[in-house]
2 protein chains.
Amino acid sequence: MAGQAANERKRFAPDERRQMIVDEAAAFFSEVGLEGTTRELSQRLGVTQSLLYAYFASKADLLEAVFERVYLDRLSPDWPVLIADRSLPVRERAKRFYREYTGAIFTYEWMRIFMFSGLAGAELNRRYLGHLAKLMLEPLCAEMQRAAGAKGGPQMEDIWNLHGGIVYIGIRKFVYCVPTPDDFAPPVEAAVDRFCDSFGLE
Amino acid sequence: MAGQAANERKRFAPDERRQMIVDEAAAFFSEVGLEGTTRELSQRLGVTQSLLYAYFASKADLLEAVFERVYLDRLSPDWPVLIADRSLPVRERAKRFYREYTGAIFTYEWMRIFMFSGLAGAELNRRYLGHLAKLMLEPLCAEMQRAAGAKGGPQMEDIWNLHGGIVYIGIRKFVYCVPTPDDFAPPVEAAVDRFCDSFGLE
DNA sequence: GCTCTTATTGATCAAATGATCTATTATGAC
DNA sequence: GTCATAATAGATCATTTGATCAATAAGAGC
């Protein structure tokens, strides 16, 4: 059961092989944590451990590549446009944004790698949250304030509360591994609805 | 700078020493993660690594003791009583509960150990969440439904949304290490208020 | 002050792990 | 088919790490 037909040496172009490694590494480290061993990863790739070091100078180097792959392009450039689109009620914009946003990040890999790296104190996490706030949440907050007018809309801390309530669904599912609704859309929309209701937003 | 006056051997009663170890272990593992080494822990205790094995059969055994110490008695028996106390409006009950609950769990140690062990798949986490739901959240949900009457109160998934929005404050602070309000009470109360408002609860 | 119990130390083992280096061989170019 | 390039394997090193055990000495009781 140890090494079956493992001696079939297959040769790949460097770019292709590199991507194979990063892909599998993302899946692997999201499962077992950032301290997963290079040996176990190489086994899952059907490849020698030493091969990893032909593509990455160190394990930290490989992890950095994983972070980049996982974080990169998760924040769609369409979302700031959507949030600023005043032809739609803010409520509808918020719903669409969070439907798409949760669709993008509610995956086993993303949720867990984000948590693992957050706990490890990765600077990348704070940078990501900073971008998210600046590009999506602060504009959303401003749009809601504008729509609320004299009634006084939400402050950023309120927006973070909305955000947290929604993201927590993913945490329950992928970090705590407890049952959640199969379809995320209904609870997400309900959360946005309640939030808008409480601020009297259209 | 290595070992100063480290050869001062101090003797403690077993119970006392055991508690010293568990206390320091909780602080240690919450910082560096569950893969922190027994050697580094023993250094912080000013004690030999082998001493740890005089009190715990294995590292897993020590970790279990840490989990127990961190989780035990976090859920106050007063809370179910508070939640069921119909001499107060549900809104007020919910506020008090979450003020006290966040006061109990919003610590560096608790938040991070809970995350670390959650990611590690610890059964203890799911059991804790099960207890929390059964003893606090489900009764709270029922009380809110009762108070809402014909208007139709929240479902459990709504309660989880309220809960998540509040807990997320602690996650931001202790896991992601990003700025949060110094005083948790205002955002917590605001979240409960919005939630109750949206369900038309007194 | 002496003795006895046992909390604690120091040395050590075996396995695991990140990393390196040379030998091998698959693949494309001609 | 032959050759040269370089992708890959295999062996190996130096640390790290969980765990064990005999030796030591701190502190209580007499």
Side-chain angles (χ1 to χ4, degrees), chain A residues 1-26 28-67 116-117 120 122, chain B residues 1-26 28-67 116-117 120 122:
Chain A
M1 194 183 285
Q4 33 195 31
N7 49 353
E8 294 172 21
R9 179 187 283 191
K10 186 68 197 300
R11 213 177 145 107
F12 290 93
D15 288 350
E16 193 180 352
R17 177 63 92 182
R18 188 189 161 90
Q19 182 152 339
M20 290 169 65
I21 293 176
V22 176
D23 284 354
E24 188 65 38
F28 174 64
F29 288 120
S30 69
E31 280 179 32
V32 306
L34 272 30
E35 304 80 11
T37 69
T38 55
R39 276 179 173 79
E40 194 178 341
L41 171 59
S42 69
Q43 275 182 16
R44 288 175 53 151
L45 279 159
V47 134
T48 337
Q49 180 235 7
S50 60
L51 183 64
L52 302 179
Y53 288 87
Y55 290 88
F56 301 93
S58 66
K59 186 185 167 184
D61 206 46
L62 169 57
L63 276 175
E64 206 171 317
V66 170
F67 290 166
F116 277 124
S117 58
Chain B
M1 194 183 287
Q4 33 197 29
N7 49 352
E8 293 174 23
R9 180 188 285 193
K10 186 67 196 298
R11 219 175 140 104
F12 289 94
D15 288 350
E16 195 180 351
R17 178 65 92 183
R18 187 188 162 93
Q19 183 154 335
M20 289 170 64
I21 294 175
V22 176
D23 285 354
E24 188 65 39
F28 173 64
F29 289 120
S30 69
E31 281 178 33
V32 306
L34 272 29
E35 303 80 12
T37 68
T38 55
R39 277 179 173 76
E40 195 178 341
L41 170 60
S42 69
Q43 275 182 16
R44 287 175 53 151
L45 279 160
V47 135
T48 335
Q49 180 235 8
S50 59
L51 183 64
L52 301 178
Y53 288 87
Y55 290 88
F56 301 93
S58 66
K59 184 186 169 184
D61 205 47
L62 169 57
L63 277 175
E64 205 172 318
V66 170
F67 290 165
F116 277 124
S117 57

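Please read these numbers as outputs of a predicted model, since none were measured by experiment. We use all heavy atoms of the structure for the numbers below, so side chains are in, but hydrogens, waters and symmetry mates are not.
Rounded to an integer number of Å, the gap from CE of B/Met20 to P of C/dA7 is 14 Å. The distance between atom CZ of B/Phe12 and atom C1' of D/dA28, rounded to the nearest whole Å, is 16 Å. Counting to the nearest Å, the C1' atom of D/dG18 and the CZ atom of B/Phe29 are 11 Å from each other. Residue A/Lys10 contributes atom NZ, which lies 12 Å from atom P of C/dA26 at whole-angstrom precision. Here D/dA6 presents its C1' atom at 17 Å from CZ of A/Arg18, a figure rounded to the nearest Å. A/Gln43 has its CD atom 17 Å from the C1' atom of D/dT8, to the nearest Å. For the pair B/Arg11 CZ and C/dT8 P, the computed distance is 7 Å after rounding to whole Å. One interatomic measurement links the two molecules: CG of B/Leu52 to P of D/dC21, which rounds to 17 Å at whole-angstrom precision.
Looking at B/Phe56 and B/Arg18, their side chains come closer than 4.5 Å, going by heavy atoms from C-beta outward.
Between B/Tyr55 and C/dA7 there is no side-chain N or O to OP1 or OP2 distance below 4.0 Å.
Taking A/Glu31 as the reference, A/Arg44 meet the side-chain hydrogen bond (donor to acceptor under 3.5 Å, both in side chains) condition, with sequence neighbours excluded. Every residue two or more places apart in sequence or in another chain that forms a side chain to side chain contact (heavy atoms under 4.5 Å, CB included) with B/Ser50 is listed here: B/Thr48.
To the nearest 0.5 Å, atom CE of residue A/Met20 and atom OH of residue A/Tyr55 are 9.0 Å apart. Residue B/Leu51 holds its CG atom at 10.5 Å from CG of B/Leu41, rounded to the nearest 0.5 Å.
Between the side chain of B/Lys59 and the backbone N or O of B/Thr37 there is no donor-acceptor pair closer than 3.5 Å.
Donor-acceptor pairing under 3.5 Å, judged by distance alone, is absent between the side chain of A/Arg17 and the base of D/dT8.
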Protein-to-nucleotide contact annotation, 5' to 3' order, nucleotides 11-19 of chain C [B base; S sugar-phosphate only; - none; under 4.0 Å, heavy atom]: -B----BBB

